[in-house]
Amino acid sequence: MKKAWPTKDAMKQIYEQHLWGTNQTPFYSGDGSHNPDIINPYIKAVKNFLLSFQNPLTVCDLGCGDFNIGKQLVPYTNHYHATDIVPELITYNQQRFRFNNLEFTCLNIATDPLPIADCAIIRQVLQHLNNKEVKQIVNKLGVFKYVLLTEHVPSGQFTANKDIISGQGIRLKKQSGLDIAQAPFNLPIVDQTTLVTTHLPNNKGKIVTTLLTLF
């Protein structure tokens with residue numbers, strides 16, 4: 001049986017061994033954070049959402065990765081708090097990205113208190129975590145009014161929320177994907193709107209971004 005590593009160690013290994021690919025930089029968050037066909041529609045939709053408010057929102061990015069996407073959203077926020085579990089990645093990002101309204105913090109979002117903000121961005125993060133950790137995070141999301149949640153799920157019908165070992169993989173191989181409104185997570189949602197759906201080639205599922213309103 002595959003050994004379950006602590007999530008922090010698993011994520012550090014992914015970056016150290018370039019398991020999500022490489023673009024000749026020390027940290028690379030994979031095709032899902034760099035492929036224009038995937039990220040451009042996402043950035044456009046999130047930018048439009050952020051610009052829909054007269055007073056800019058405070059945003060907490062839970063699992064910011066290499067920040068290739070986040071850097072393009074910072075200008076449309078009042079304050080952008082970016083977090084990740086890998087300390088070396090956070091240090092690297094702090095050296096590369098400088099905005100007056102940008103803050104980086106190393107956090108385990110499953111076990112540490114979450115920063116307070118109007119909106120949380122959770123982009124293709126929960127899909128890599130086991131159900132216990134997802135549940136720990138979901139239980140803390142009530143501090144945010146809005147959650148911009150992005151998940152990679154199968155294209156057709158699937159059984160939601162099959163458990164996995166936290167790490168590089170996702171539930172797609174089990175013909176599953178996350179739905180945090182369903183058991184065992186049961187996040188109370190006032191409203192939800194699909195902002196972007198990107199269908200991947202070769203029957204590799206779809207990436208769906210949903211705006212969740214929690215109160």
Item checked: Test item: side-chain donor near acceptor, H81 and T105, under 3.5 Å -> yes

Margin query: If hydrophobic clusters are built by linking Ile, Leu, Val, Met, Phe, Trp and Tyr wherever their side-chain heavy atoms come under 4.5 Å apart, do I164 and L126 end up in the same one?
Written below: no

Next item on the list: State the CD1-CG distance between I85 and L62, to the nearest 0.5 angstrom.
Entry: 12.0 Å

Notebook entry, point to check: Side chain of K206, backbone of E151: donor and acceptor closer than 3.5 Å?
Noted result: no

Item checked: Q168 and H128: side chain donor to acceptor below 3.5 Å -> no

Check: Looking only at side chains, do D118 and T58 share a donor and an acceptor under 3.5 Å apart?
Finding: yes

Notebook entry, point to check: Counting only heavy atoms not in K44, do more than 12 sit closer than 6.0 Å to its NZ atom?
Noted result: no

Next item on the list: Carefully, step by step, assess L214 and L212 under the rule side chain to side chain contact (heavy atoms under 4.5 Å, CB included).
Entry: CA-CA 6 Å; L214 304 188; L212 307 176; 4.2 Å; yes

Item checked: All salt bridge (Lys or Arg N to Asp or Glu O under 4.0 Å) counterparts of E16, not counting sequence neighbours -> none

Notebook entry, point to check: Between the side chains of Q175 and T159, does any donor sit under 3.5 Å from an acceptor?
Noted result: no

Next item on the list: Mind checking salt bridge (Lys or Arg N to Asp or Glu O under 4.0 Å) for K71 and listing every partner two or more places apart, or none if nothing turns up?
Entry: none

Notebook entry, point to check: Hey, are the side chains of I39 and R123 touching, using non-hydrogen atoms and a 4.5 Å cut-off?
Noted result: yes

Checklist line | Side-chain touch D84/L107, heavy atoms, less than 4.5 angstrom | finding: no

Check: Side chains of N40 and D37: closer than 4.5 Å at any heavy-atom pair?
Finding: no

Next item on the list: Report the C-alpha distance between L73 and V59 in whole Å, list the side-chain angles of each, state the deciding distance to 0.1 Å, and finish with yes or no for side chain to side chain contact (heavy atoms under 4.5 Å, CB included).
Entry: CA-CA 10 Å; L73 301 176; V59 171; over 6 Å; no

Check: Is a side-chain N or O of T150 found less than 3.5 angstrom from the main chain of Q124, in a donor-acceptor match?
Finding: no

Next item on the list: Spell out, yes or no, whether I207 and L149 are grouped together once hydrophobic residues are joined by side-chain heavy atoms under 4.5 Å, including indirect joins.
Entry: no

Next item on the list: Provide the closest heavy-atom pair for P36 versus P41 in the form atom of the first, atom of the second, distance.
Entry: O-CD, 3.7 Å

Checklist line | Cluster check L19, F27: I/L/V/M/F/W/Y, side chain < 4.5 angstrom | finding: yes

Check: Taking atom CG of D61 and atom CD1 of I69, what is their separation to the nearest 0.5 Å?
Finding: 9.0 Å

Notebook entry, point to check: Hey, is the main chain of K204 close enough, under 3.5 Å, to the side chain of H152 for a donor-acceptor pair?
Noted result: yes

Notebook entry, point to check: Between N35 and D31, does any side-chain donor sit less than 3.5 Å from a side-chain acceptor?
Noted result: yes

Notebook entry, point to check: Is any side-chain heavy atom of P56 less than 4.5 Å from a side-chain heavy atom of Y76?
Noted result: no

Notebook entry, point to check: Are N161 and P184 side-chain neighbours, meaning at least one heavy-atom pair lies under 4.5 Å?
Noted result: yes

Next item on the list: Check for a donor-acceptor pair, side chain of N130 on one end and backbone N or O of K132 on the other, with a separation under 3.5 Å.
Entry: yes

Item checked: ring-ring contact (aromatic ring centres under 6.0 Å, His included) between Y80 and F67, intermediate numbers included -> CA-CA 12 Å; Y80 198 105; F67 213 57; 5.6 Å; yes

Margin query: Looking at A110, is its backbone amide N or carbonyl O close enough to the side chain of K140 to form a donor-acceptor pair, meaning the two atoms are under 3.5 Å apart?
Written below: yes

Notebook entry, point to check: How long is the gap from NZ on K12 to CD on Q17, to the nearest 0.5 Å?
Noted result: 12.5 Å

Note to self: Nearest 0.5 angstrom please: I122 CD1 to L148 CG, how far?
What the structure shows: 9.0 Å

Checklist line | Check against side chain to side chain contact (heavy atoms under 4.5 Å, CB included), I137 and L129 | finding: CA-CA 10 Å; I137 296 165; L129 303 181; 3.5 Å; yes

Check: Taking all atoms of both residues into account, what is the closest heavy-atom pair of C119 and F144, and its distance?
Finding: C-CD2, 4.0 Å

Next item on the list: Would you please classify the geometry between the W20 ring and the Y15 ring as parallel, tilted or perpendicular, with 30° and 60° separating the classes?
Entry: perpendicular

Check: Does one hydrophobic cluster hold both V125 and V46, with members joined at side-chain heavy-atom distances below 4.5 Å?
Finding: no

Notebook entry, point to check: Got N186 and I180 here, is their nearest side-chain heavy-atom distance under 4.5 Å?
Noted result: no

Notebook entry, point to check: Hey, quick one: are I116 and F104 part of the same hydrophobic cluster, counting side-chain heavy atoms closer than 4.5 Å, chains of contacts allowed?
Noted result: no

Item checked: Donor-acceptor side-chain pairing of S33 and N68 below 3.5 angstrom -> no

Checklist line | Least distance between heavy atoms, K8 atom then P87 atom | finding: CE-CD, 3.6 Å

Checklist line | Side-chain donor-acceptor contact under 3.5 Å, Q192 with T213 | finding: no

Checklist line | Side-chain touch L50/T77, heavy atoms, less than 4.5 angstrom | finding: yes

Next item on the list: Grab the two heavy atoms, one from P154 and one from G177, that are nearest each other, plus how far apart they are.
Entry: CD-N, 4.1 Å

Item checked: Closest approach of T210 to V208 (non-hydrogen atoms, all atoms of both residues) -> OG1-CG1, 3.8 Å

Margin query: To the nearest 0.5 Å, what is the distance between SG on C106 and CG on N93?
Written below: 11.0 Å

Checklist line | Candidate pair H34 and Y28, rule side chain to side chain contact (heavy atoms under 4.5 Å, CB included), full reasoning | finding: CA-CA 9 Å; H34 290 266; Y28 182 70; 3.2 Å; yes

Item checked: OG1 on T111 to CG on N108, rounded to 0.5 Å -> 3.0 Å

Margin query: Quick check: closest heavy atoms across S166 and T7, and the distance to 0.1 Å?
Written below: CB-OG1, 3.5 Å

Margin query: Quick one: does any side-chain atom of R171 pair with a main-chain N or O of K162 as donor and acceptor, under 3.5 Å?
Written below: yes

Next item on the list: Kindly indicate, with the supporting measurements, whether the criterion ring-ring contact (aromatic ring centres under 6.0 Å, His included) is fulfilled by F49 and Y146.
Entry: CA-CA 11 Å; F49 166 71; Y146 305 105; 5.5 Å; yes

Check: Do the non-hydrogen side-chain atoms of C60 and I121 ever get within less than 4.5 Å of each other?
Finding: no

